[in-house]
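Worksheet for the structure shown next.
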Amino acid sequence: MIAKKSRHPRSPRRLGKILAFAFVTVLALVWLVPIMMMLVVSFMPPDQRAPRFGGMLISGVSLQNYVTVFEDAEIVQHFINSMAVTIPSVFLVVAISSLAAFALARLKFFARDIWFYLLIMTLMLPIPTLIVPIFQINKALGLNDSYLGLILPYTALGVPFAIVILRSFFAGFLKEIEEAAILDGCTPFGIYWRVMMPVSWPAIAVVIIWQFMTSWNEFILALVTMNTNQVKPLTLVPLVYSGQFMMRPGPMFAILTLITLPVIVVYYLMQRFMVSGLTSGAVRG
């Protein structure tokens, strides 16, 4: 008679998975609490002064806060301003950082590693300490109250992090594929453009998501640089509904919800590219 296998050795592993799942679920719920509060308050009726029970209970559901936001502010214009700043900065960061990362990972030139370490050191600088110098440079160049006054700083601040991400990806690229491309007559730029970039979507997607989120949500530099209402990005609109003597939480959280939606959409779209890039192989028949 064959004895049945004991399930006891699997019990600790199964218990560990259950505990890990429970821990991750609790963390997700904690992370979602501020988002849920934002959504709840954005649908709060105008006659209610504040939500009850920690900001999670309202007396009813109303769309008046969103109507108020569209009536008080030129939301479409501010949305266009944010897009006019964010999209070029994302494009420039991907283009510049991918070229620099390819050179730092695959080409040999004088003091290559030293340049990379110097680049990493720039990531240690706190961004708020750069606001005043950037403002002075923009003022000297006449870039205040213009899209370029934000596009160029956002690009400069985003390139170092993007280079670190892309260089790690390019450095792990198979050398045999690069040698085969050289035998086929590819130049270094041809290897970069025709071989590495098509299979680099996982790293590029990370850069796009990060740079879009950073440029779209940036507040301090936009507040200092943009003074004309016609060029202000969407992130400055909530200031209209907050202050020492006036506080309108409903419209303020409604505009914050509208600011959050594009980031969620971009992340969802680029996540699909990340999954497809991770599952695709480097060698294609």
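- Residues Tyr192 and Phe189 place their aromatic rings such that the two centres sit under 6.0 Å apart.
- The shortest non-hydrogen separation linking Val41 to Asn65 is O-ND2, 3.6 Å.
- For Gln77, the CD atom is densely surrounded, since the number of other residues' heavy atoms within 6.0 Å is greater than 12.
- At distances below 3.5 Å, at least one donor-acceptor pair connects side-chain atoms of Thr235 with backbone N or O atoms of Glu218.
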Checklist entry - After noting the C-alpha distance and the side-chain angles of His78 and Asn229, does the key distance pass the side-chain contact (heavy atoms from CB on, under 4.5 Å) rule? => result CA-CA 9 Å; His78 294 301; Asn229 192 53; 3.6 Å; yes
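- Using a 4.5 Å cut-off between side-chain heavy atoms of Ile, Leu, Val, Met, Phe, Trp and Tyr, with links allowed through other members, Val263 and Met83 fall into the same hydrophobic cluster.
- Here the closest heavy-atom approach between residue Phe135 and residue Asn144 is recorded as CE1-ND2, 3.6 Å.
- For Thr214 (side chain) and Gln211 (main-chain N/O), no donor-acceptor pair under 3.5 Å exists by modelled atom type.
- Between Ala84 and Tyr147, the shortest heavy-atom contact is CB-CE1, 3.8 Å.
- In the displayed structure, Phe109 atom CZ is contacted under 6.0 Å by more than 12 heavy atoms of other residues, nucleotides or ligands.
- A cation-pi contact links Arg167 to Phe116, judged by a cut-off of 6.0 Å to the six-membered ring centre and 45° from its axis.
- With Ser82 contributing its side chain and Leu234 its backbone, the two residues share a donor-acceptor pair below 3.5 Å.
- The closest side-chain heavy-atom distance from Trp210 to Val93 is not below 4.5 Å.
- When the shell of 6.0 Å around CG of Leu19 is examined, it contains more than 12 heavy atoms from other residues, nucleotides or ligands.
- A distance-only check finds a donor-acceptor pair linking the side chain of Asp145 to the backbone of Asn227 [under 3.5 Å].
- In this structure, the side chains of Asp72 and Pro251 stay at 4.5 Å or more apart for every pair of heavy atoms.
- Between Ser98 and Val207, every side-chain heavy-atom pair lies at or beyond the 4.5 Å cut-off.
- Proximity of the aromatic rings of Phe43 and Phe253 is defined here by a centroid distance below 6.0 angstrom, and this criterion is not met.
- Between Ala203 and Ile165, the closest heavy-atom pair is O-CG2, 4.1 Å.
- In this structure, the separation between CE on Met213 and OG1 on Thr86 is 12.0 Å, given to the nearest 0.5 Å.
- At least one side-chain heavy atom of Ile204 sits less than 4.5 Å from a side-chain heavy atom of Met197.
- Counting non-hydrogen atoms of neighbouring residues, nucleotides and ligands closer than 6.0 angstrom, the CZ atom of Arg194 reaches no more than 12 such neighbours.
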